[in-house]
S.K.: 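My questions all concern the structure below.
The figures that follow rest on heavy atoms only: side chains count, while hydrogens, waters and symmetry mates do not. If you're wondering where the values come from, they're calculated on a predicted model, not measured in any experiment. Quick note on labels: first sequence line is chain A, next is B, and so on, each numbered from 1.
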Amino acid sequence: MTEKLNMILGGAQGSGLETTIQILSTAFASSGNGFLADREYFSNIKGRHSYAHAKISAEDIPRSIDSKIGLLGCMDAETLFTHFEDLVDGGYLIYDTSTEDKTQDSIKSIEDPLRERLEERFNEIGIDGTISSLVEYLKEEKNVEVIELDYPSILEDIQKEFDISSSQASRYVSSILIGAVTGLMGLEKEQVDKGIERKFEGKEKIAKQNIFLVEKVNEMVREEHGSPLKLEGAKLDEDELLMVNGNEIIGMGKITGGMRFQSYYPITPAADESFFIEQHASFEDEGSVLVFQTEDELAAITSCIGAALTGTRSATATSGPGFALMVEGLGWAGINEVPIVITYYQRGGPSTGQPTRGSQDDLMNVLYSSHGNFPRIVLVSGDHEEAFDDAVKAFNLAEKYQTPVIHLMDKFLANIVKTIPVPEIEGKKIDRGKLFDRKDYKRFADGPISERGFLGSEVMWYTGSEHDAEGNVSEDPENRIRMHEKRMKKLKIAGEEMDDRAIYFGPEEAENLIVGWGSVKGAILDAIDEMKEDFGYLHFRCFSPFPAKKVSSILEKSEVVIAVEHSYSPRVSEVVSLKTGYQIEKEVVKFTGRPIYRDELIDSLVNIIEGSDREVLKHGP
Amino acid sequence: MTEKLNMILGGAQGSGLETTIQILSTAFASSGNGFLADREYFSNIKGRHSYAHAKISAEDIPRSIDSKIGLLGCMDAETLFTHFEDLVDGGYLIYDTSTEDKTQDSIKSIEDPLRERLEERFNEIGIDGTISSLVEYLKEEKNVEVIELDYPSILEDIQKEFDISSSQASRYVSSILIGAVTGLMGLEKEQVDKGIERKFEGKEKIAKQNIFLVEKVNEMVREEHGSPLKLEGAKLDEDELLMVNGNEIIGMGKITGGMRFQSYYPITPAADESFFIEQHASFEDEGSVLVFQTEDELAAITSCIGAALTGTRSATATSGPGFALMVEGLGWAGINEVPIVITYYQRGGPSTGQPTRGSQDDLMNVLYSSHGNFPRIVLVSGDHEEAFDDAVKAFNLAEKYQTPVIHLMDKFLANIVKTIPVPEIEGKKIDRGKLFDRKDYKRFADGPISERGFLGSEVMWYTGSEHDAEGNVSEDPENRIRMHEKRMKKLKIAGEEMDDRAIYFGPEEAENLIVGWGSVKGAILDAIDEMKEDFGYLHFRCFSPFPAKKVSSILEKSEVVIAVEHSYSPRVSEVVSLKTGYQIEKEVVKFTGRPIYRDELIDSLVNIIEGSDREVLKHGP
Amino acid sequence: MARDYGTENWIDWCPGCGNFGIVSSVYRAFSELEVEPENTVVVSGIGCSGKMPHFIDVNGVHTLHGRAIPFATGIKMADPKLKVVVNGGDGDLLGIGAGHFVALGRRNLDVLVMMHDNRVYGLTKGQASPTLPRDTKTKALNTPSIQDAVEPLALALTSGYTHVARSFAMDSDHLKESIKDGMEHEGAAFLNILQPCVTYNDIHTSEYFNERIDKLEDWDPEDIDPTEAMDRSRIDEEIPIGLFYRDTETPTFEERIAEQLPSYQEKAPAEQDIEKNGKTILDQETFRSKFKGNLIRKEK
Amino acid sequence: MARDYGTENWIDWCPGCGNFGIVSSVYRAFSELEVEPENTVVVSGIGCSGKMPHFIDVNGVHTLHGRAIPFATGIKMADPKLKVVVNGGDGDLLGIGAGHFVALGRRNLDVLVMMHDNRVYGLTKGQASPTLPRDTKTKALNTPSIQDAVEPLALALTSGYTHVARSFAMDSDHLKESIKDGMEHEGAAFLNILQPCVTYNDIHTSEYFNERIDKLEDWDPEDIDPTEAMDRSRIDEEIPIGLFYRDTETPTFEERIAEQLPSYQEKAPAEQDIEKNGKTILDQETFRSKFKGNLIRKEK
Ligand SMILES: Cc1ncc(C[n+]2csc(CCOP(=O)(O)OP(=O)(O)O)c2C)c(N)n1
Ligand SMILES: Cc1ncc(C[n+]2csc(CCOP(=O)(O)OP(=O)(O)O)c2C)c(N)n1
Ligand code: SF4
Ligand code: SF4
Ligand SMILES: [Mg+2]
Ligand SMILES: [Mg+2]
């Protein structure tokens, strides 16, 4: 019996893996376990290898995953080829015995470089490269316990049992995996059934058939292997948890924060957020959120600004390629002091890059894109809980300082499914800032922060050109100085309020300081929890305004400072140097687009302490 | 007799001022004087106040202008209202006596803030605000010598002389100014006539009439005032000079550098460059430059990239708002290693901002816009001579390193008309980099710098997604690391070659060091020439790759370091801090969009030495 | 007493510019319709035409080159009680902004688009605009234009605009009426305004248009096929002006939204309260029930 | 021996996807036309359709979402000897790329645009594309689409394309011939290809199209007015496929350029030498005479 389990479940994109994860995660959570799963997939709709890499914990809500896994569940042969090396010694493997003669040659979806690496590796370990040879190797050399199931014959059984077609039955492979996993982990039948019923709400027949199949496999597995992976009694306090991915939690935050207009143009990994909001758009008689699919991102940002001018809390969501088309609109919002929120999910760049993989390489892009100078607020969130708070806060800041806010997220956060406590809603502050309140209104009078009027209340003017207090174009040099200073001062004022958004975790004075932001938070906190050395972590939740004083004082205290980031060369080091002059000299980076695993991070930090300046993390297929 | 003269000639946009400047500058230059004129105008086609602020020098080619002028030539009353305070004690004023009863109230084009300032000032000096009261004040209090001409009656004369209509005659106001200026300055008739004939080539009648008018006014002025502003014998060596603005010199550089495709979408202050190139597109049988007006800047950059893929040296030219739409294409060129050149003329931002005014606020924008990370080369030029060299060099670097090059210019350089020596052409190096040369071609093989093939030579693939050596999409993590490192290494290699692009001017070890780039160069060099204090100037000609070693070593030597820039807060200080950790603590900035004048810069530097940390320059209407 | 809708700003178009005709027809139309300044928004792009809002005493939003339509779309969607008029140049709407122009037609949002069609890029000094016919060399061009002109009315009809008209800047009455018609239409209305640019377009001058203009007569713009309207509106020897097409059947975007979000009609985004005493209006229970799909109860 | 034009890359479209039909018709068309791989360029946007170039053994340029046309434009203008084909999705060409789509028509550049019209955004998981009819709710939508569909052929005709056709991904012969026709046409050609998306479009399926498709017969696409072609091409109960319009009179963009730059035909940009021995080909004298307008001689 253990307290935590890392597992990978894999299969071809579109073959039911998503269902497996949803049902299993529900089952884990409803039995009181914490759950976190990263999702990896190609830029492909069907056929390429995809997987969920999860951690289940009986004692807490996981913050990171390990590269080494205790359980590998394969829907197909490619999963085994791709992940066999990730299994810990003594781990568990679930696979389809009918694939035992398969070699990688027959699997077209495998990319060449992996193919070559496998070839080499099979030579090294001296196997012929069939699935069966691989399984044999794992058993012999890695003490892996193998759950051997003949998927086709199990499916044939159910086909007969319910008199369904073979093509329909083939969609039940996911339930074989569910049965095997829940068997090994000793989950209670009700909890699993719950998950299935929930998933197939309204489709009772399908639910029934799946339940039947899961139970059958579950029993088969228990009979032969028992439940060796049963987690020690779940200790989570909450009676109720939210199971959300990052897109969803942001959607919830935006709705809670009073957003009533969201424009978007579809793009990975942002589009699911808008889809989720649209699903929850209506408040019955109370109103609704208008979700607007535009013709492109130029229209997404500009329609968002238009909506904001009417006093509606408005936002848009995108990733790098879409943001590129929003830059001009961003500047317009800047000079016109329009409160809008751009939720930006980073993915691998440059250009189309790695559209379904994660990255943190866009920090300088959001801080400096656009010509001229204007205040912009850049919030960054490190996990789902922070993301919820920031999604609400973003609107408050946007309206208080009358300026665009970019909320920087990433693909990892967007897609990671996690159990979190239900957020406190009722206390959530809504601050609409200084509002219009008089005759003879001038939109840009009395800075730095002017009274904000809404189109539809009084007459006002806006223009992207430099303008006077009334919003009419002015080229006068003294007016220019006045208005430019007015705008820039707002960032200074915001900076005074927001100096707390650099957060230090760790002992009073740590010898080694890790600096990071965004989705690396979990792995870093877990790593420093485990490491014997004296480590602290400086976590940014905001880069503009930059909490320079606090950051400088923290940086000074440590001897070794290490930036950890998903980028080629840490952007956080660039910003810190730019703002404080402090040059962070060590770095752990990952730019394969795969998540940073707790264990590989620990290894790299050990190397850093031993003298390395730069560690490039590589794990994850 | 003096050696240098600062003058302002002003009039309503579209009323012939341009002609005046062209003719006068030709006359000055052909008489062996150096000439430099900044052009200031509104975002307006006709009617608003516009002016040329020129320096003419008998001993050298001017590098900057002074805020205080020796001569003010007015085409209209607004010019006098706008510039009267700029005249030095004892300066010269040319104006139209028929406007003497005018007050500012009758001039609708004056903007409110100026109107208020004038009102206040008139109260202060106790005049009634008519042109005549103002002239009186200048005579009495400022010892200004006034050249009083009754423009309408002069025009009536010519109307009669040549029997032309009054509306036609009204277009000859420019020649009144030319006559008066050349009279005061004692220019020879032939030189002035030359300028006129050149300007009106093919329109002999008009030329003749203008010559007549100029001569007439010239004589009137000489009779009454002599030629008190005659410059001391011209000392310039060159028999021949180029009279060019920045747009033109870049056009010449691009053509010399072998550019054969230029796409653009019209925008101030870049469009004139494309227009100029189009005028000079044809090389008779030798070929031609294709200048392509696109539907927007998205198409400008992407068609430019397309053309570059065929092996054609290709460029586009724009300013901030246009560049905003090029960011996505820039990233594509980055990941696909496409040699393109973007000539970027900065103007006042943010957004539409000050479309006809100058700025240097876009440095971080060009360095960091676009998601992900890829090498980009950013060249910056400080004057017309540098601009020519850089325009050629940009293509060599783009092709050598197979990466986009941004050539950062600004509105001042674009519009400043200047005499420069004819550039040496024949030595101009053309380096096309490593070219394709074998069977079984793979576009991205053997990095960091691969052999470059052209579409039309062998089969190859390009994609904005991460790709393998063949250019096909690949999501493999190891391939990702390989290709990402391949690209980033190119910048490192380029950095080694380009470490000389930070240039130091001044004494061996100056106590005070000015740091700058771009169009501030001239004013800075002129200022430090004049100041008694010990000043050096560190001039950047490239920001990416960043010449960090050289810069650090120069910075270390000085006690006081001062950034001088056209921006709200110096971008050069941001880059220097980011790249070296050195924090420049003093700054002289100007963000009114008007040029930095030599004399106001000197004053501000004096303040800095006396302890000020930040000087905001304000001169110039 | 009727307002005059002028502002104190100096109008800095070139003397004789056709835009003067347009703005004064707007004054007259607004005056006759008695539009409410605070509930009317003039949205413009960038160009000489883009300066319009500063000269009209209603809300003005002077946006980005090419983006007036999506700005206007956001404004109108969020607050449908506002009357929204777009003023754009031919370059603005059919060059850089062509994609949005098409998209607005597909939505039939209740916005009037007035295109200042001078066939050049005025504010950037006279380059060819998308409506300049091929082989035409206006004053500021090095060589005649080699791109074909787009037909604005055909494009509007193809895109789904439900009210498609042409008028002339110098025919103040015709233009004023056309503006009023367009504003009164419910749905996406397009009004192409032939506008002399005295500075850069030395070919399509007032005289040029005056000689060719042919006012629509005996033409019923309703119940016809868009292609019929297209044929009728085509410019040949003569330049027909008037209302070519009107469709009052196709539902507006606002109606389509309301069908899916019934509260939209009463509580458009701009009309909703989102806070009570500085707190979110959501309470814990509503949150739980709204997102019940994500809630998981621990099973004992 | 005819090439097969396939590549070694695994084709990762969903099993049954209409794109398979398209790529195999391309193979057949290229094979019959014997196109030269190194002188042919397939330019694509982003989407499922955007993957095309990687599966075809000629030059491939997989560009940005919406920008395939301007990329192709630069390629073709700089090196007119290349045969250039654009493959784009309906979202790619008529949503985000609509402005470029219109601009290409105005130029009549010799490029064939093949639109993979599946009426959804495939690669981003099934959102409505600009060709999805209003009130249609395909699988992945929360609610039926409220935007009207744009008519691709009408838009092409309005924009000036000189060859406008429709075909069907599952009719391999018809499609192959349509592609050949389009490639052989000199000028901007548009081929709208009805393409089933088996994963996200559960309404416009193969069966749906099969039941409705109606091949053009007795139709002469030449010497007609674009609006006639528009009327004929409109989708009602039946979906007509075939070549609706062809115009061989309008000069191509290449011809228009050559008229202004006579050397263009022989020495297109890509064909010009720009250096001799590592030096510019300009000499001092040519420079002086080329820019004599800026040269000023000192008068003694
Ligand atoms: C993104 C961008 N590109 C270019 C410009 C420069 N620009 C200003 S106005 C204009 C064209 C104006 O032409 P049109 O839309 O026809 O308006 P007009 O001036 O003729 O009324 C252009 C290209 C800009 N402001 N923004
Ligand atoms: C600027 C930008 N915005 C959004 C995306 C995301 N994106 C990728 S493919 C696609 C749409 C694909 O639809 P379509 O063009 O119809 O092609 P299909 O996949 O249906 O073939 C979108 C929106 C992107 N790549 N770039
Ligand atoms: S340039 Fe043309 S459109 Fe612009 S203001 Fe002048 S006349 Fe009018
Ligand atoms: S999602 Fe649709 S278009 Fe894309 S590959 Fe699958 S079936 Fe084809
Ligand atoms: Mg125009
Ligand atoms: Mg599609």
S.K.: Determine the minimum heavy-atom distance between D/A78 and B/T310, stating which atoms define it.
M.R.: CB-OG1, 3.4 Å
S.K.: Counting only heavy atoms closer than 4.5 Å, note whether B/S263 contacts chain D via side chain, backbone, both or neither.
M.R.: neither
S.K.: For D/Q284, is it the side chain, the backbone, both, or neither that has a heavy atom closer than 4.5 Å to a heavy atom of chain B?
M.R.: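 Both backbone and side chain.
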S.K.: Give, for atom CD1 of D/I274 and atom CZ of B/F395, the distance between the pair rounded to the nearest 0.5 Å.
M.R.: 8.5 Å
S.K.: As an exercise: rank D/R288, D/K276, D/R107, D/H65 by heavy-atom pairs under 4.5 Å with chain B and give me the winner.
M.R.: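 Max contact count across the listed options: D/R107.
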S.K.: For B/E240, I'd like to know if atom CD has over 12 heavy atoms of other residues, nucleotides or ligands within 6.0 Å.
M.R.: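 Enclosed.
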S.K.: In terms of heavy-atom pairs under 4.5 Å, which option from B/E470, B/E328, B/E295 contacts chain D the most?
M.R.: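 Among B/E470, B/E328, B/E295, the one with the most close pairs to chain D is B/E295.
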S.K.: Could you check if a side-chain atom of B/L242 sits within less than 4.5 angstrom of a side-chain atom of D/I296, using non-hydrogen atoms only?
M.R.: no
S.K.: Under 4.5 Å from any heavy atom of chain B, what part of D/F253 do you find: side chain, backbone, both or neither?
M.R.: side chain
S.K.: Between D/L295 and chain B, which part of the residue has a heavy atom less than 4.5 Å away: side chain, backbone, both or neither?
M.R.: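 Both backbone and side chain.
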S.K.: Name the option with the most non-hydrogen atom pairs under 4.5 Å to chain B; the candidates are D/P262, D/A103, D/G60.
M.R.: D/G60
S.K.: Looking only at heavy atoms, what is the nearest atom pair of B/Y462 and D/H54, with distance?
M.R.: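 Here B/Y462 and D/H54 meet closest at O-CE1, 4.4 Å.
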S.K.: Pick one of side chain, backbone, both or neither for B/D237, based on which atoms fall under 4.5 Å of a heavy atom in chain D.
M.R.: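 B/D237 touches chain D through backbone heavy atoms alone.
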S.K.: Testing B/I430, B/V392, B/I255 one by one against D/T280 for a side chain to side chain contact (heavy atoms under 4.5 Å, CB included), which residue passes?
M.R.: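 Among the candidates, only B/I430 passes.
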S.K.: Among B/D296, B/I305, B/T302, find the residue that satisfies the side chain to side chain contact (heavy atoms under 4.5 Å, CB included) test when tested with D/P70.
M.R.: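 Among B/D296, B/I305, B/T302, the one meeting side chain to side chain contact (heavy atoms under 4.5 Å, CB included) with D/P70 is B/T302.
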S.K.: Could you measure the distance from the CG atom of D/L282 to the OG1 atom of B/T256? Nearest 0.5 Å is fine.
M.R.: 5.0 Å
S.K.: Tell me whether B/Q22 at atom CD has more than 12 heavy atoms from other residues, nucleotides or ligands lying less than 6.0 Å away.
M.R.: yes
S.K.: Considering only heavy atoms, which portion of D/K83 lies under 4.5 Å from any heavy atom of chain B: side chain, backbone, both, or neither?
M.R.: neither
S.K.: Which region of B/E238, side chain (C-beta onward) or backbone (N, CA, C, O), has a non-hydrogen atom less than 4.5 Å from a non-hydrogen atom of chain D, or is it both or neither?
M.R.: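 Contact with chain D is through the backbone of B/E238 alone.
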S.K.: Using a 3.5 Å distance criterion without hydrogens, assess whether the side chain of B/R260 forms a donor-acceptor pair with backbone atoms of D/D273.
M.R.: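 Flag not set: sc B/R260 to bb D/D273 has no pair under 3.5 Å.
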S.K.: Can you confirm whether B/W461 sits close enough to D/T7 that some side-chain heavy atom of one is under 4.5 Å from a side-chain heavy atom of the other?
M.R.: yes
S.K.: Contact part of B/E458 toward chain D, heavy-atom cut-off under 4.5 Å: side chain, backbone, both or neither?
M.R.: backbone
S.K.: I need the residue from D/L64, D/V102, D/D283 with the largest number of non-hydrogen atom pairs under 4.5 Å to chain B.
M.R.: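 Top count of heavy-atom pairs under 4.5 Å with chain B: D/L64.
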S.K.: Are side-chain heavy atoms of B/F261 and D/D79 found at a separation under 4.5 Å?
M.R.: no
S.K.: Which one, D/V42, D/D57, D/V41, D/T40, leads in non-hydrogen pairs under 4.5 Å with chain B?
M.R.: D/D57
S.K.: Quick one: what part of D/I56 sits under 4.5 Å from any heavy atom of chain B, side chain, backbone, both or neither?
M.R.: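 Backbone of D/I56 only, per the 4.5 Å heavy-atom cut-off to chain B.
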S.K.: Can you check whether B/V473 reaches D/K51 side chain to side chain, under 4.5 Å on heavy atoms?
M.R.: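 Side chain of B/V473 against side chain of D/K51, heavy atoms only: no contact under 4.5 Å found.
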S.K.: Give, for atom CG of D/N294 and atom OG1 of B/T26, the distance between the pair rounded to the nearest 0.5 Å.
M.R.: 9.5 Å
S.K.: Can you tell me how far apart CD1 (D/I75) and OG1 (B/T312) are? Round to the nearest 0.5 Å.
M.R.: 10.5 Å
S.K.: What is the ring orientation for D/F287 with B/F388, classed by angle as parallel under 30°, tilted 30 to 60°, or perpendicular over 60°?
M.R.: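 The rings of D/F287 and B/F388 stand perpendicular, inter-plane angle above 60°.
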S.K.: Does CD in D/E184 sit with more than 12 non-hydrogen atoms of other residues, nucleotides or ligands closer than 6.0 Å?
M.R.: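 Correct, the count exceeds 12.
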S.K.: If you count heavy-atom pairs under 4.5 Å between each of D/G66, D/G74, D/A268, D/G50 and chain B, which one has the most?
M.R.: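 Option with the greatest count: D/G74.
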S.K.: Enter the distance from D/K298:NZ to B/N33:CG here, rounded to the nearest 0.5 Å.
M.R.: 9.0 Å
S.K.: In terms of heavy-atom pairs under 4.5 Å with chain D, which of B/H467, B/M460, B/K429 leads?
M.R.: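 Maximum pair count with chain D is reached by B/M460.
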S.K.: More than 12 foreign heavy atoms under 6.0 Å from CD of D/E266: is that the case here?
M.R.: no
S.K.: Is it the side chain or the backbone of B/L309 that comes within 4.5 Å of chain D heavy atoms, both, or neither?
M.R.: side chain
S.K.: For B/F454, which atoms come within 4.5 Å of any heavy atom of chain D: side chain, backbone, both, or neither?
M.R.: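 Nothing of B/F454, per the 4.5 Å heavy-atom cut-off to chain D.
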S.K.: Between D/L82 and B/G456, what is the shortest heavy-atom contact and its length?
M.R.: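 So the minimum-distance heavy-atom pair works out to CD2-CA, 3.6 Å.
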S.K.: In terms of heavy-atom pairs under 4.5 Å, which option from B/L298, B/V422, B/D431 contacts chain D the most?
M.R.: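 Highest number of pairs under 4.5 Å: B/L298.
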S.K.: Rounded to the nearest 0.5 Å, what's the gap from CG on B/L455 to CD on D/E38? Could you check?
M.R.: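 That separation rounds to 11.5 Å.
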S.K.: Based on non-hydrogen pairs under 4.5 Å, which of D/N39, D/I257, D/L261, D/T73 is most in contact with chain B?
M.R.: D/L261
S.K.: Which of the residues B/K194, B/M243, B/E424, B/E190 is involved in the greatest number of heavy-atom pairs with chain D at under 4.5 angstrom?
M.R.: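 Max contact count across the listed options: B/M243.
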S.K.: Any sub-3.5 Å donor-acceptor pair from D/K290's side-chain atoms to B/S282's backbone N or O?
M.R.: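 Side chain of D/K290 to backbone of B/S282, a donor-acceptor pair under 3.5 Å: yes, one is there.
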S.K.: Does D/K279, at its NZ atom, have more than 12 non-hydrogen atoms belonging to other residues, nucleotides or ligands within less than 6.0 Å?
M.R.: no
S.K.: Given a strict heavy-atom distance threshold of 4.5 Å, which part of D/I69 is in contact with chain B: side chain, backbone, both, or neither?
M.R.: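 For D/I69, there is no contact with chain B at all, as no heavy atom is under 4.5 Å.
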